[in-house]
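For reference, the structure discussed in these notes is given below.
Being a predicted model, the structure only gives us computed values, none of them experimental.
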Amino acid sequence: VRLDGKAVRPISKYFGEFNVVLFAPEDLQVPRASPAARRRFLDRAVFNRHCQYLAEVQSYERVVKNRNALLRDLAERRHDPKKQELLEVFDSQLAQLGAGLICRRLGFLAEIRDPFGSAFERITHTGLGVGVHYQTVDEFDGLSLEQSKYTAVLLELLKRHRARDLARGTSSVGPHRDDVRFTLDGHDASSFASQGQLRALVLAWKTAEMDLLQVGHGEPPVLLLDDVSSELDPTRNEYLFEFLKSRRSQCFITTTHPGYVLLDSDRVDYQVNQGVVSFQSGF
């Protein structure tokens, strides 16, 4: 990227560590998106709350990838003792790492549930309750949030479903198969909520996420707002900017029209044209 015709260094050269919340147009489709998209949406929030979570996810994904490759290999050579022993090792690693991810996710959802509901009511003033629910295997129902208990259950499930996993060449149990669902007034939001309600729901999630980060880290996170205002109706866009004014967060906003940015002070505008960034003196 070039600024006024001059090359600039990456932003990391100028800032130390800070918390960043990204709010992009595709986030507004999350309640009706695929389970994988909802898992990514949740994981992004958990990583903001617990920076070590990213490394934990990467370690888990490597184990799943290696276990799947071994399953396909064993489908052809089932009686290889060394590979059978290696599968036991991968089962143990997957159970331990997977249990850690599930506990992180459940812990974060417990934290955000009340702020999420409060933010939704502030936006909509409807009295309708919103919820967020983690969907995983039934065997976890009623377990206290202790990683050792989840590890033991996951390990047992991996052994129980090993024949199926060998036949399919893929790992059928673990947090990579789980889902997170949003509800409105007790109903599945993906089918019950209107488009406007779904967007209010995601907006409420993002504002609740920012509140949690401010409480947890002692300072407001940086918000990256990627052309979201054009997707929100005027009322919800107004709420968003009232929220930002009240938090005094630093915010980087991309937009197709400056009129979407409801700020008349503490604002600097730049235009990006063919990779060149130039200062705009008025807005």
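- Rounded to the nearest 0.5 Å, atoms CG (Leu145) and OH (Tyr150) are 5.5 Å apart.
- Not a single donor-acceptor pair under 3.5 Å links the side chain of Asp73 to the backbone N or O of Ala69.
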**Study point:** Step-by-step side-chain contact (heavy atoms from CB on, under 4.5 Å) determination, Leu240 to Leu225
**Key:** CA-CA 10 Å; Leu240 172 61; Leu225 197 64; 3.7 Å; yes
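- Both Val277 and Val268 sit in one connected hydrophobic cluster of ILVMFWY residues. Membership requires side-chain heavy atoms under 4.5 Å apart, directly or through other members.
- A salt bridge links Asp91 with Arg67: the closest approach of a Lys/Arg side-chain nitrogen to an acidic carboxylate oxygen falls below 4.0 angstrom.
- Rounding to the nearest 0.5 angstrom, the gap separating the SG atom in Cys103 from the CD atom in Glu146 is 8.5 Å.
- No single ILVMFWY cluster, assembled from side-chain heavy atoms under 4.5 Å apart, contains both Val215 and Ile112.
- Residues meeting the side-chain contact (heavy atoms from CB on, under 4.5 Å) test with Val132, sequence neighbours left out: Leu109, Arg113, Phe116, Val180, Phe182, Trp205.
- The backbone N or O of Glu231 sits nowhere less than 3.5 Å from a side-chain atom of Arg236 that would complete a donor-acceptor pair.
- Taking the salt bridge (Lys or Arg N to Asp or Glu O under 4.0 Å) definition, one finds that Lys65 meets it with nothing, sequence neighbours left out.
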Practice item. Evaluate the criterion side-chain contact (heavy atoms from CB on, under 4.5 Å) for residue pair Gln214 and Asn19; output intermediate values, then yes/no. Key: CA-CA 9 Å; Gln214 182 162 352; Asn19 297 297; over 6 Å; no
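- Using a 4.5 Å cut-off on side-chain heavy atoms (C-beta onward), Asn48 and Pro221 make no contact.
- With a 4.5 Å cut-off on side-chain heavy atoms, Leu101 and Tyr53 count as touching.
- Look at Glu156 and Lys159 and you find no salt bridge, because none of the NZ, NE, NH1 or NH2 atoms lies under 4.0 Å from a carboxylate O.
- Taking the side chain as every heavy atom from C-beta outward, Arg162 and Leu87 approach each other to under 4.5 Å.
- In summary, the side chains of Tyr260 and Asn237 do not present any donor paired with an acceptor at a separation below 3.5 Å, with no hydrogens or angles considered.
- Taking OG of Ser172 as the start and CZ of Arg164 as the end, the distance is 3.5 Å to the nearest 0.5 Å.
- Residues Tyr134 and Pro175 meet the side-chain proximity criterion, which asks for heavy atoms closer than 4.5 Å.
- Taken from CZ in Phe41 to CD in Glu26, the straight-line distance is 10.5 Å, to the nearest 0.5 Å.
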Exercise for review: Go through the steps to decide whether Arg32 and Gln195 satisfy the test side-chain hydrogen bond (donor to acceptor under 3.5 Å, both in side chains), and finish with yes or no.
Suggested key: CA-CA 10 Å; Arg32 289 179 175 163; Gln195 188 69 15; 3.2 Å; yes
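- Using modelled atom types, no side-chain atom of Ser59 and backbone atom of Glu56 make a donor-acceptor pair closer than 3.5 Å.
- Linking Ile, Leu, Val, Met, Phe, Trp and Tyr residues whenever their side-chain heavy atoms come within less than 4.5 Å leaves Leu155 and Val153 in two separate clusters.
- Side chains of Phe90 and Leu71 form no contact here, defined as non-hydrogen atoms less than 4.5 Å apart.
- Atom NE2 of His257 sits about 12.5 Å away from atom OG of Ser229, to the nearest 0.5 Å.
- If you check the side chains of His133 and Thr183, you find a donor sitting under 3.5 Å from an acceptor.
- The side-chain heavy atoms of Arg44 and Asp27, taken from C-beta on, include a pair separated by under 4.5 Å.
- Looking at Lys82 and Glu85, no side-chain N of the basic residue comes within less than 4.0 Å of a carboxylate O on the acidic one, giving no salt bridge.
- Taking all atoms of both residues into account, the shortest heavy-atom contact from Ala95 to Leu154 is O-CD1, 3.5 Å.
- Cluster membership for Phe243 and Val202, using ILVMFWY side-chain heavy atoms within less than 4.5 angstrom, is shared.
- In this structure, Asp178 contributes its side chain and Thr136 its backbone to no donor-acceptor pair below 3.5 Å.
- By the rule that hydrophobic residues join a cluster once side-chain heavy atoms approach within less than 4.5 Å of another member, Phe192 and Leu198 end up as members of separate clusters.
- For the pairing with Glu111, the salt bridge (charged side-chain N to carboxylate O under 4.0 Å, His left out) check across Arg49, Arg105, Arg104 returns one residue only, Arg49.
- The backbone N or O of Asp179 sits nowhere less than 3.5 Å from a side-chain atom of Arg38 that would complete a donor-acceptor pair.
- Counting only heavy atoms from C-beta outward, the side chains of Tyr60 and Leu94 approach each other to under 4.5 Å.
- Enclosure of atom CD in Gln96 is not indicated, since only 12 or fewer non-hydrogen atoms of other residues, nucleotides or ligands lie within 6.0 angstrom.
- Distance CG/Asp211 to OG/Ser118: 9.5 Å, rounded to 0.5 Å.
- Between Arg199 and Leu232, some side-chain heavy-atom pair lies under the 4.5 Å cut-off.
- Aromatic rings of His50 and Phe108 (six-membered ring for Trp) have centroids beyond the 6.0 Å cut-off, not under it.
- Salt bridge absent: Lys149 and Glu139 never bring a charged side-chain N and a carboxylate O closer than 4.0 Å.
- Side-chain polar atoms of Asp227 and Thr254 form no donor-acceptor pair below 3.5 angstrom.
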